[in-house]
Amino acid sequence: MKQNKAAPVIAVDGPSGAGKGTITQMLAQRLGWHLLDSGALYRLTALAAERQGVDFTDARALAAVAAALDVQFEPTPAGEPVRVLLAGDDVSRELRTERCGENASQVAVLPEVREALLQRQRDFQQMPGLVADGRDMGTVVFTEASCKIFLTASAEERAQRRYRQLLDSGVDVNIDALLEEIRARDERDMNRSTAPLKPAIDAQLIDTTGLSIDEVLEKVMAASGQA
Ligand code: DC
């Protein structure tokens, strides 16, 4: 796959739980554009490293794992999460666990890992367009994006959303522990020296606290000029 720089990009960044995953999937579907879930690449790197017994402090070995990721994203019917295969193995569920998110946040701190994933992410820029979901889509990976959006929500609201999601999928969790985890992850994502989580200068900020998915989607469509 080769990057097509003429293809428009809508870059959607923001902290965990701001609703980026759901919104970008719906947006890509509505526009008929490609979707990049960049967080999945960091999660896959952490998962592959764990399976291969690679130490999470060994930046060079982790970068090698990231560069060699054997991954396929399989399209699914509307509304269903994308199927992700790692070396042919369906890891869709494992990828979404708190543990995998935590490990991803750790490997994402390393500049070597970020560099190793850069071109793989840019290759998703294909006609007719790309919706890119992440932390540094507008600031690093697609600085020329035609539209940059930064989605936020209060940490309490994000913890509530994640809590309901986990309960729905039959996982019993403690809401206070979730809130603590979300705050710790925000802290790490915002304060790392390489590609910290922050809005691009030219990003439009949308606070999703108290809004329904449909309300957020309408705001994002309007902000991207696609409404
Ligand atoms: O969006 P997510 O929860 O799947 O992301 C998992 C972790 O990966 C998150 O803690 C930060 C990191 N990440 C990143 O550093 N840069 C991105 N573009 C996407 C995710």
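Just follow the structure's listing: the first ligand is 1, and inside any ligand the first atom is 1.
The closest approach between a heavy atom of R96 and any atom of ligand 1 is below 4.0 Å. Residue R188 places every heavy atom at 4.0 Å or more from ligand 1. Contact between E102 and ligand 1 is absent, with no heavy atom of the residue lying under 4.0 Å from the ligand.
For the atom pair CG of L69 and OG1 of T45, the computed distance is 4.5 Å after rounding to the nearest 0.5 Å.
Inspection of the S212 and D214 side chains reveals no N or O donor paired with an N or O acceptor under 3.5 Å. If you check the side chains of R188 and S105, you find a donor sitting under 3.5 Å from an acceptor. Counting only N and O atoms by type, the side chains of R120 and S38 include no donor and acceptor under 3.5 Å apart. Between the side chains of R162 and Q165, at least one donor N or O sits under 3.5 Å from an acceptor N or O.
The shortest contact between atom 16 (N) of ligand 1 and any protein heavy atom is with R114 NH2, 3.0 Å. For atom 9 (C) of ligand 1, the nearest protein heavy atom (residue, atom name, distance) is R135 NH2, 3.4 Å. Of all protein heavy atoms, the one lying nearest to atom 8 (O) of ligand 1 is Y42 CB, 3.6 Å. From the protein, the heavy atom lying nearest to atom 3 (O) of ligand 1 is R43 NH2, 2.8 Å. At the shortest separation from atom 20 (C) of ligand 1 among protein heavy atoms lies G39 CA, 3.5 Å. When hydrogens are left out, the protein atom nearest atom 7 (C) of ligand 1 is A104 CB, 3.7 Å; that is the closest non-hydrogen contact. Annotation: atom 19 (C) of ligand 1 to nearest protein heavy atom, S38 OG, 3.4 Å.
Close approach of ligand 1 to M137 (heavy-atom distance below 4.0 Å) involves ligand atoms 18 (N). The A108 neighbourhood of ligand 1 comprises atoms 12 (C), 15 (O), with distances under 4.0 Å to a heavy atom of that residue. For ligand 1 and R185, the ligand atoms under 4.0 Å from any heavy atom of the residue are 10 (O). Residue D189 approaches ligand 1 through these ligand atoms, each under 4.0 Å from one of its heavy atoms: 9 (C), 10 (O), 11 (C).
I206 places none of its side-chain heavy atoms less than 4.5 Å from the side chain of T152. Side chains of L166 and D172 form no contact here, defined as non-hydrogen atoms less than 4.5 Å apart. Counting only heavy atoms from C-beta outward, the side chains of R122 and L118 approach each other to under 4.5 Å.
Results of the salt bridge (Lys or Arg N to Asp or Glu O under 4.0 Å) test with K20 over D13, D37, D133 single out D133 as the only residue that passes.
Cluster membership for L85 and V91, using ILVMFWY side-chain heavy atoms within less than 4.5 angstrom, is not shared.
Counting heavy atoms under 4.0 Å from ligand 1, residue R192 touches it through the side chain alone.
Note: no N/O pair closer than 3.5 Å links D133 and ligand 1 by distance alone.
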